[in-house]
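Counting starts at 1 for both ligands and their atoms, following the listed order.
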Amino acid sequence: MNYPQILQDIAREVSSLYGQGKVADYIPELGKVSPRQFGFCLHTRDGQVFTHGDSDVKFSIQSISKVFTLSLVFAHLGEAMWKRVGVEPSGNAFNSLMQLEYEKGIPRNPLINAGALVVTDMLVSTFRDPKAEILRYLHLLSGSNDIQFNESVAESERKTGYRNFALGYFLKSFVNLENDVDQVLDVYFHQCSVEMSCKELAAAMQLFVHHGVEPNTQQRLLTMSQTKRLNAVMQTCGFYDEAGEFTFAVGLPGKSGVGGGIAALLPGHYSLAVWSPELNKKGNSVLGMKALELFTTMTGRSVF
Ligand code: GLN
């Protein structure tokens, strides 16, 4: 397969979509990002890396971080964690309050904000220094120690994240948050503020390509069954109320973030990370989604 050519063709085709989406600005600091950027990285199972465009530029991974905190917590707590959070697609916006009321404080899944807050709460209960643990885990998975929080982005969200505070207090009222709301949100805003490049993100997703074995160190971090479950949750819940559309168009498990990044993978074969900051109405990258759709269509390689 001529991947460099495929990536070039994809980049050319998606460039016509600039201007169709909008950079997220509900977190004021994110609104400062220059919109016309596009990065793509393909990382194969055997460690070959193909890149295009702004694949070394670091961006705010935002909700993509939910996959990594989930993976960390699942490895430590195992199946017991599913008593506090479900595994059904939400069909609702990522920050919906309504659904949490209907479902009596048990969030639909760990990749919407309410569910991710419960996962972060578990992280806070499990580790003495949860923020350091998140960075340690990302350094291990990506093979790069140059991954940090962006304090201005975390602070910007702390000042304006009223809905996330509301979700936190709501969860607390249902006794589904063990720690203080402020403490859980501080960790959550920091995990969302992590900056990574497409290259680093595609490398970090290799854990899920290799069925739970981290390929650089050959450590098994998740069981086969846990990895299967995580990939399944990404497939069904990774794109909020556009999870069906993403499965339909792209056909890979993955996770998006409002920084404009999308990480995806074909278990046993490859991982991909794509980034372009302009988002559609559901909060997913316009160019990113199209690029992944073209990739699985042109290569004929998706889960389906
Ligand atoms: N930090 C963002 C929020 O909680 C993450 C949302 C996202 O990327 N979808 O609103």
To the closest 0.5 Å, what do you measure between OG (S197) and NZ (K199)?
7.0 Å
Would you call F189 a ligand 1 contact, heavy-atom distance under 4.0 Å?
no
Those atoms of ligand 1 less than 4.0 Å from some heavy atom in Y26:
2 (C), 3 (C), 5 (C), 6 (C), 10 (O)
Polar contacts were defined as any N/O atom of the residue lying under 3.5 Å from an N/O atom of the ligand; does this apply to K66 and ligand 1?
no
Between R163 and ligand 1, find which residue part has any heavy-atom pair under 4.0 Å and reply side chain, backbone, both or neither.
neither
Using a 4.0 Å heavy-atom threshold (strictly under), name the region of N113 that reaches ligand 1: side chain, backbone, both or neither.
side chain
Evaluate the side chain to side chain contact (heavy atoms under 4.5 Å, CB included) criterion for residues N280 and E242: first the C-alpha distance (whole Å), next the side-chain angles of each, then the deciding distance (0.1 Å), finally the verdict.
CA-CA 10 Å; N280 65 19; E242 218 172 30; 3.0 Å; yes
Atoms of ligand 1, numbered as shown, that sit under 4.0 Å from any heavy atom of Q62:
1 (N), 2 (C), 5 (C), 8 (O)
Closest non-hydrogen atoms of Y26 and T160, given as atom of the first, atom of the second and distance, are O-OG1, 3.8 Å
Verify, without hydrogens or angle tests, whether N176 (side chain) and G105 (backbone) share a donor-acceptor contact under 3.5 angstrom.
yes
I need the atoms of ligand 1 closer than 4.0 Å to a non-hydrogen atom of E157, numbered in the order shown.
1 (N), 2 (C), 3 (C), 4 (O), 10 (O)
Of all the heavy atoms in N164, does at least one lie under 4.0 Å from an atom in ligand 1?
yes
For ligand 1, note which part of S63 has a heavy atom under 4.0 Å away: side chain, backbone, both or neither.
both
For C192, the atoms of ligand 1 under 4.0 Å from one of its heavy atoms are 1 (N)
Aromatic contact between F189 and F165, with the criterion being ring centroids under 6.0 Å apart: yes or no?
yes
Does the N or O separation between G257 and ligand 1 drop below 3.5 Å for any pair?
no
Which of these passes salt bridge (charged side-chain N to carboxylate O under 4.0 Å, His left out) with R84: E79, E178, E103?
E178
Answer yes or no: is there a side-chain heavy-atom contact under 4.5 Å between Y3 and T299?
yes
Non-hydrogen atoms of A166 and L97 that approach each other most closely
CB-CD2, 3.9 Å
For ligand 1, which atoms sit closer than 4.0 Å to a heavy atom of Y240?
7 (C), 8 (O), 9 (N)
